[in-house]
Peer 1: 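Structure provided below as structure tokens; questions to follow.
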Amino acid sequence: MMPWEELERQCRACTRCGLCETRHQVVFGIGKRDASILFVGEGPGEQEDLKGEPFVGPAGKLLDDMLSIIDLNRENCYITNIVKCRPPGNRDPLETEQNACIGFLRNQTALIRPKILVCLGRIAAKRLIRQDYRISSEHGQWEERGGIWMTAIYHPSALLRDVSKRPETFDDLLAIREKICSLHILP
Ligand code: URA
């Protein structure tokens, strides 16, 4: 396991996959480096690629609102993505790109040692919970793995496209709040 400084330095200089050729900035992650709660999205979009920070575009605005419902924000949790560089045209990150990048997330998770890990959307859930994860039927369910409580909720971009998913996500957020309380975690 690398310490934060070395990990971030290597990530910012990474050329392990083709996304390094089209990126403007590596989007390493943001938040509290010893947070109890880790949120993992899919990969940077256009705005994130330009700014170097995760979830700063329209989906990010919605994520901020979702977090505030349960007293979370960019300072008291940690937010990052499966891949740290933008897939061109916002396509899904390829398996090979995910494989090249996942070590950075694993190292981040080992350093943070979160109690709760929330996958934002299908891509993160499939990669981190189970390859055959079905977000539409399994979102909001919990399983403990290696001392970390894992769950997935709809990606904020999906909630922008389809507002009918928002009530279920509200319930999932309240369940995250309850998990925080039952584990006696102070955000
Ligand atoms: N979508 C993601 O999955 N991650 C971001 O950082 C921005 C949009």
Side-chain angles (χ1 to χ4, degrees), residues 7-8 11-12 14 16-20 22-33 35 37-69 72-109 112 114 116-131 133-136 138-140 150-163 165-166 168-169 172-173 176:
L7 182 67
E8 185 163 1
C11 188
R12 293 197 183 285
C14 181
R16 289 182 202 171
C17 85
L19 297 182
C20 70
T22 45
R23 74 176 177 227
H24 290 95
Q25 294 203 54
V26 170
V27 180
F28 182 67
I30 193 161
K32 197 170 163 218
R33 290 185 161 186
I37 309 165
L38 171 60
F39 288 85
V40 181
E42 157 180 345
E46 185 181 20
Q47 313 260 342
E48 290 79 18
D49 173 63
L50 292 173
K51 203 167 171 207
E53 187 176 325
F55 287 99
V56 291
K61 295 270 173 300
L62 181 55
L63 179 62
D64 285 334
D65 293 344
M66 290 160 65
L67 294 177
S68 75
I69 290 172
L72 296 177
N73 55 52
R74 281 166 197 266
E75 284 84 51
N76 63 15
C77 60
Y78 197 87
I79 304 170
T80 188
N81 286 300
I82 295 282
V83 297
K84 312 304 195 204
C85 299
R86 182 190 183 207
N90 297 347
R91 62 162 171 74
D92 289 350
L94 304 175
E95 180 102 13
T96 50
E97 293 160 352
Q98 294 186 32
N99 291 343
C101 209
I102 198 75
F104 293 121
L105 177 62
R106 300 233 176 270
N107 201 331
Q108 286 174 309
T109 307
I112 296 166
I116 296 174
L117 191 160
V118 181
C119 299
L120 297 170
R122 177 179 61 88
I123 298 277
K126 281 183 174 293
R127 185 72 207 202
L128 300 180
I129 300 180
R130 207 174 344 97
Q131 182 49 51
Y133 195 89
R134 304 288 307 177
I135 189 87
S136 52
E138 298 185 74
H139 68 86
M150 316 260 304
T151 191
I153 63 176
Y154 282 117
H155 194 285
S157 299
L159 300 171
L160 288 175
R161 285 194 301 269
D162 181 359
V163 292
K165 293 187 167 81
R166 290 190 183 198
E168 302 165 71
T169 304
D172 293 345
L173 289 169
I176 294 170

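For ligands, and for the atoms within them, numbers begin at 1 and follow the listed sequence. Each residue takes its place number in the sequence, starting with 1. Since we're looking at a predicted model, the values are computed, not measured.
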Peer 1: To the nearest 0.5 angstrom, please state how far the SG atom of C11 sits from the CZ atom of F104.
Peer 2: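 Going from the SG atom of C11 to the CZ atom of F104 covers 4.5 Å.
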Peer 1: Compare every heavy atom of E42 with every heavy atom of N81, then report the nearest pair and how far apart it is.
Peer 2: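 Closest pair (atom of N81, atom of E42, distance): OD1-N, 3.1 Å.
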Peer 1: Go through the structure and list residues passing side-chain hydrogen bond (donor to acceptor under 3.5 Å, both in side chains) with R74, not counting sequence neighbours.
Peer 2: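 Once residues adjacent in sequence are excluded, the partners of R74 under the side-chain hydrogen bond (donor to acceptor under 3.5 Å, both in side chains) criterion are E53, D64.
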Peer 1: Please list, chain by chain and in numerical order, all residues satisfying side chain to side chain contact (heavy atoms under 4.5 Å, CB included) with K61, sequence neighbours excluded.
Peer 2: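 By the side chain to side chain contact (heavy atoms under 4.5 Å, CB included) rule, K61 matches no residue at all.
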Peer 1: Quick one: do the Q98 and K126 side chains pair a donor with an acceptor below 3.5 Å?
Peer 2: no
Peer 1: Hey, could you give me each pair passing side-chain hydrogen bond (donor to acceptor under 3.5 Å, both in side chains) that has a residue in residues 151-161? Not counting sequence neighbours.
Peer 2: H155-S157
Peer 1: So which protein residues pack against ligand 1 under 4.0 Å, heavy atoms counted?
Peer 2: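 Correct list: G41, E42, G43, E48, P54, F55, N81, H155.
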